[in-house]
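Because only heavy atoms are used, hydrogens play no part in the values below, and waters and symmetry mates are left out as well, while side chains stay in. Because the structure is predicted, anything quoted here is derived from the model rather than measured.
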Amino acid sequence: MSKLSELRKENKFSNQYMADQLNISKPFYWQLEHEQRKLSYDMAFKISKIFGLKPDDLFYDEYNKKTIQ
């Protein structure tokens with residue numbers, strides 16, 4: 001499970017809630033969460049803002065794992 005998915009569930013946010021907050025479709029959000037769609041910095045910033053975090057706090061570890069592999 002991705003860190004994004006875990007954080008969303010901890011906050012009791014649905015996929016639809018996240019999609020609505022980001023002004024995107026639910027399938028688009030699901031694809032972001034399951035790494036089936038590339039995440040732009042702008043979108044990472046918007047997602048992080050919902051959780052009161054900086055983009056690096058939420059996405060850096062996952063990005064770093066991909067670059068090492």
Side-chain angles (χ1 to χ4, degrees):
M1 186 181 310
S2 72
K3 187 173 180 179
L4 177 55
S5 178
E6 289 176 13
L7 190 57
R8 177 181 60 78
K9 289 176 182 178
E10 285 174 14
N11 284 276
K12 297 182 175 33
F13 295 157
S14 67
N15 284 331
Q16 188 63 58
Y17 173 82
M18 292 298 293
D20 291 345
Q21 294 301 304
L22 298 166
N23 200 30
I24 59 175
S25 69
K26 183 178 172 182
F28 188 105
Y29 177 77
W30 186 92
Q31 290 171 341
L32 289 172
E33 194 171 278
H34 290 86
E35 300 176 6
Q36 294 182 358
R37 190 176 283 262
K38 196 168 189 171
L39 182 67
S40 69
Y41 182 79
D42 183 53
M43 187 61 67
F45 180 80
K46 289 176 182 178
I47 292 170
S48 299
K49 190 174 176 182
I50 292 169
F51 297 110
L53 300 170
K54 295 178 185 172
D56 285 352
D57 294 339
L58 184 53
F59 298 107
Y60 182 75
D61 289 340
E62 289 182 25
Y63 170 79
N64 202 25
K65 286 179 196 174
K66 287 181 186 177
T67 58
I68 291 173
Q69 294 176 356

Inter- and intrachain pairs under salt bridge (charged side-chain N to carboxylate O under 4.0 Å, His left out), touching residues 12-27, at least two apart = none
With sequence neighbours excluded, tell me which residues meet side chain to side chain donor-acceptor pair (under 3.5 Å) with Asn11.
-> none
Going by side-chain heavy atoms closer than 4.5 Å, which hydrophobic residues are tied to Trp30, directly or by a chain of links?
-> none
Quick one: [atom1] on [X] to [atom2] on [Y], what's the gap to the nearest 0.5 Å?
X     : Y     : atom1 : atom2 : value
Gln31 : Lys38 : CD    : NZ    : 15.0 Å
Tyr29 : His34 : OH    : NE2   : 9.0 Å
Leu7  : Phe13 : CG    : CZ    : 8.0 Å
Ser14 : Lys9  : OG    : NZ    : 12.0 Å

Could you pull out every donor-acceptor pair under 3.5 Å between side chains of residues 41-54 and any protein atom, sequence neighbours left out?
{"from": "Asp42", "atom 1": "OD2", "to": "Lys46", "atom 2": "NZ", "distance (Å)": "3.4"}
{"from": "Ser48", "atom 1": "OG", "to": "Ala44", "atom 2": "O", "distance (Å)": "2.8"}

Answer whether the closest heavy-atom distance between the side chains of Asn15 and Arg8 falls below 4.5 Å.
-> yes
